[in-house]
Protein chains: 2
Amino acid sequence: MTITIKDIARIANVSTATVSRVLNEAGGYNEETKKKIMNVAHELGYRRNENARSLVQNSSNIIGVIMPNVATIFYGDIVNGIENIAHEKGYSIIISHAGVNGERFVQSVNLMGERKVDGLVIVTVELDRNQLDLVKSLRIPFILLSTDTPEKDAPFIKVNDFDAAYAATQYLIENGHERIGLAGANPTDRVAGITRIEGYKKALQDNGLPFEKKLVKYGDFSFNSGKEAMESFLQEKTELSAVFGVSDDVALGIISVAYNHGINVPADLSVIGYDNTRVAEMSIPPLTSIGQPFFEMGSEGCKIVIEATQNKKEIPSRIIPFHLVERKSVKKINE
Amino acid sequence: MTITIKDIARIANVSTATVSRVLNEAGGYNEETKKKIMNVAHELGYRRNENARSLVQNSSNIIGVIMPNVATIFYGDIVNGIENIAHEKGYSIIISHAGVNGERFVQSVNLMGERKVDGLVIVTVELDRNQLDLVKSLRIPFILLSTDTPEKDAPFIKVNDFDAAYAATQYLIENGHERIGLAGANPTDRVAGITRIEGYKKALQDNGLPFEKKLVKYGDFSFNSGKEAMESFLQEKTELSAVFGVSDDVALGIISVAYNHGINVPADLSVIGYDNTRVAEMSIPPLTSIGQPFFEMGSEGCKIVIEATQNKKEIPSRIIPFHLVERKSVKKINE
DNA sequence: CTGTTAGCGCGTTCAC
DNA sequence: GTGAACGCGCTAACAG
């Protein structure tokens, strides 16, 4: 049914070896026979079988991508970056969702093992010891994107959340704010929760500002978290002139509730977000936010993994720079 | 290096055939030998080679997904839906981006052909005659999501854009609006542009409302389109009490400019969006919008394709219902 | 219940 | 420059 190099060989009156050589541009054949073979292949609508190829070459030219199933906003950008490079390098990507809490992670890894992917990009999911060992058992290059491991014993690319949170807070302080709230961070999240809380604290401390418990409202990085945080602030009549939302969603939640209470942003309250997702520029007012280079993370991560499959070198971890995108949600008090 | 069934067979003192039978639970073997084999397999950390399997079974258990590379907001939901079902049915998904204007489409299809995917899900990309023929040349089940072909000669799942636009407009009319603008639609877009414009016109007409050229502003479904449209309305001093933005982004663009001009939504101007993306609930005010069931589109599409690979039945096209999600961006004048 | 054989489609020796 | 033969890891057919 399907056309194989056998068919081509038969019709072109050559051996399959020659067909293979021509198709792979391996050199060592007559231009005449090449033309003949190419013509036949074209006429027959031949398409090579990558599965068979993978089998004999012991390499699939596939990069596996594992991520939680949440359709996060930056999901798209990271995958875009990955796919982009993969395509450029002649690789395909196969995607598997590990589940919001990583409950399908083992299955995902096994899947990648069975498909014999050449490399692995793991997005966002936090790995414990066992899971990391499982990944390592694949004996293929891999990298973590936007996350890391407690002992930093696996290569990763991410921004420094502590520094970024510090910068966000510092920015508010520099603009004259002293009563600064923190909202939406999950204090049990080692990667994006604790770090950002600590960055916030440190910035306060370095500027001689007191840290007050009632200024921070925990949450899960969601829009709702932001709303709840703001409502708490209001209810507790907490005095504050600015809030650092640990995600754009949180920041929008804050702005939303503020609006409903007639509190104008940024006139009455300043808000800064985190992620610089596409909603940041669409919000009212446009949201000042800490930007993470998601697309670049994806492309860099994919690129380095592919390179590692070829040169067998160890993959270095990398801290990638964030950038603060100034928009209109923060009032400059001291100007 | 890698463990194969040969290794297992050798150590367990059986033939590879038996190992294969056990591993595939094909039945017809002693419980004793099964245990022995399973143990050995486990100890060796055996992982089957799906590529070899695909080769001999002439079926890869992979579903291909082709989409434009735009990281659209609904991208995530559709893919989630697809992956979800695929996983449930034991399939893997391999993703390829066709490029915003489909410039990489041919490569994507060829890729899928070479990987011998069992079925294909094509998201959003519009196909011309040649492209459709190429897809068909794969001779595998496929489906179009959120798009169709001019001659409806390929199976698709989408909402009826005409009806949806009609419903949006009708909703505004029912709430007492008579001067209704349309913004952001691309009049050369056969699938989502022309249809929505026509739906809007028809609703006007059916309600005895005049259609006025200056009430419609074309665009490309983007936030910027919305902003530009609203600015035009303002500049031309077009009198209107409501605007139908053909995407949530467009709607937010309108609201944004309105806000900057001190125009209150919905008090002074009502706005309805389209897509019901996650930004809809986060906007100020929360945006009333036409909802498309993206996740369901993905899961339904994937499901039906997988089924078709098994029962060889033809895939029927399907119009999937939209729903109007009422929030706070439309003023009910007649109440 | 189990082993032997063949072959999936392809790349790669090693001869000629 | 080209072909015959082998093997990648696995399943399927047939024998026993």
Side-chain angles (χ1 to χ4, degrees), chain A residues 1-38 40-41 44-62 90 110 112-118 138-139, chain B residues 1-38 40-41 44-62 90 110 112-118 138-139:
Chain A
M1 190 61 225
T2 51
I3 314 295
T4 75
I5 56 171
K6 269 189 196 168
D7 301 313
I8 300 178
R10 186 165 33 80
I11 297 179
N13 244 316
V14 293
S15 74
T16 59
T18 302
V19 177
S20 174
R21 276 190 280 259
V22 169
L23 258 29
N24 292 302
E25 305 182 52
Y29 43 74
N30 195 313
E31 267 303 306
E32 290 297 306
T33 59
K34 171 178 175 175
K35 272 187 185 146
K36 190 169 52 178
I37 288 173
M38 291 307 268
V40 175
L44 262 45
Y46 170 78
R47 248 188 279 262
R48 69 180 174 194
N49 187 327
E50 282 290 352
N51 293 323
R53 222 160 169 255
S54 303
L55 190 57
V56 52
Q57 305 210 121
N58 198 26
S59 155
S60 60
N61 270 263
I62 298 180
N110 285 336
M112 298 305 175
E114 293 172 357
R115 295 284 175 198
K116 306 297 172 193
V117 300
D118 291 342
L138 252 39
R139 304 189 164 288
Chain B
M1 190 60 226
T2 52
I3 314 294
T4 74
I5 56 171
K6 268 189 195 167
D7 300 313
I8 300 178
R10 185 166 33 78
I11 297 178
N13 245 315
V14 293
S15 73
T16 59
T18 302
V19 175
S20 174
R21 276 189 282 257
V22 169
L23 258 29
N24 291 303
E25 304 182 55
Y29 42 74
N30 194 310
E31 267 303 307
E32 290 296 307
T33 58
K34 171 178 174 177
K35 274 187 183 146
K36 189 168 55 177
I37 289 173
M38 291 306 269
V40 176
L44 262 44
Y46 170 79
R47 247 188 278 265
R48 70 179 173 196
N49 187 327
E50 281 289 351
N51 294 324
R53 227 163 165 250
S54 302
L55 190 57
V56 52
Q57 304 208 119
N58 199 24
S59 156
S60 59
N61 269 261
I62 297 179
N110 284 336
M112 298 305 173
E114 293 172 357
R115 295 285 176 197
K116 307 297 173 191
V117 299
D118 291 342
L138 253 38
R139 305 190 164 288

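We name chains A, B, ... by the order of the sequence lines, and we start the count at 1 in each one.
- Evaluation of the side-chain contact (heavy atoms from CB on, under 4.5 Å) rule for B:I62 yields A:R115, B:S60, B:S92, B:I94, B:V117 as partners, not counting sequence neighbours.
- Taking the side chain to side chain donor-acceptor pair (under 3.5 Å) definition, one finds that B:N58 meets it with nothing, sequence neighbours left out.
- Rounding to the nearest 0.5 angstrom, the gap separating the CZ atom in B:R48 from the NZ atom in A:K116 is 10.5 Å.
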Taking distance alone, no hydrogens or angles, what donor-acceptor pairs closer than 3.5 Å link side-chain atoms of residues 14-32 of chain A to residues at least two apart or in another chain?
unit_1 : atom_1 : unit_2 : atom_2 : d
A:S15  : OG     : A:A17  : N      : 3.4
A:S15  : OG     : A:T18  : N      : 3.3
A:S15  : OG     : A:T18  : OG1    : 3.4
A:S20  : OG     : A:N24  : ND2    : 3.4
A:N24  : OD1    : A:R53  : NH2    : 2.9
A:N24  : ND2    : A:S20  : O      : 2.9
A:N30  : OD1    : A:E32  : N      : 2.8

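- Smallest separation of non-hydrogen atoms from A:Y46 and A:I8: CG-CD1, 3.6 Å.
- Residue-level contact check: A:S54 touches neither bases nor backbone, having no heavy atom under 4.0 Å from any strand.
- Scored by the side-chain contact (heavy atoms from CB on, under 4.5 Å) test, A:N13 finds no partners at all (sequence neighbours excluded).
- Atom CD of A:E25 is separated from atom C1' of C:dG11 by 15 Å (rounded to the nearest Å).
- Closest approach of B:A12 to B:V40, counting heavy atoms only: CB-CG2, 4.0 Å.
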Write down the protein N/O and nucleotide N/O pairs, taken from nucleotides 3-5 of chain C, whose separation is under 3.5 Å; answer none if there are no such pairs.
unit_1 : atom_1 : unit_2 : atom_2 : d
C:dG3  : OP2    : B:S15  : N      : 2.9
C:dG3  : OP2    : B:S15  : OG     : 3.3
C:dG3  : OP2    : B:T18  : OG1    : 2.8
C:dG3  : N7     : B:R21  : NH2    : 2.8
C:dG3  : O6     : B:R21  : NH1    : 3.1

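- Applying the salt bridge (Lys or Arg N to Asp or Glu O under 4.0 Å) test to residues at least two apart or on different chains, the pairs with a partner in residues 8-20 of chain A are A:D7-A:R10.
- Protein atom CD of A:E50 is 11 Å distant from nucleotide atom C1' of C:dC10, rounded to whole Å.
- When the side-chain contact (heavy atoms from CB on, under 4.5 Å) test is applied to A:T2, no partner is found at least two apart in sequence or on another chain.
- OP1 or OP2 of C:dG11 sits under 4.0 Å from a side-chain N or O of A:N24.
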Which protein N or O atoms sit under 3.5 Å from an N or O of nucleotides 6-9 of chain D?
unit_1 : atom_1 : unit_2 : atom_2 : d
D:dC8  : OP2    : B:K6   : NZ     : 3.1

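- The shortest distance between side-chain heavy atoms of B:T4 and B:N49 does not fall below 4.5 Å.
- The C1' atoms of five pairs define one axis at each end of the helix from C:dC1-D:dG16 to C:dC16-D:dG1, and these two axes lie 40° apart (to 10°).
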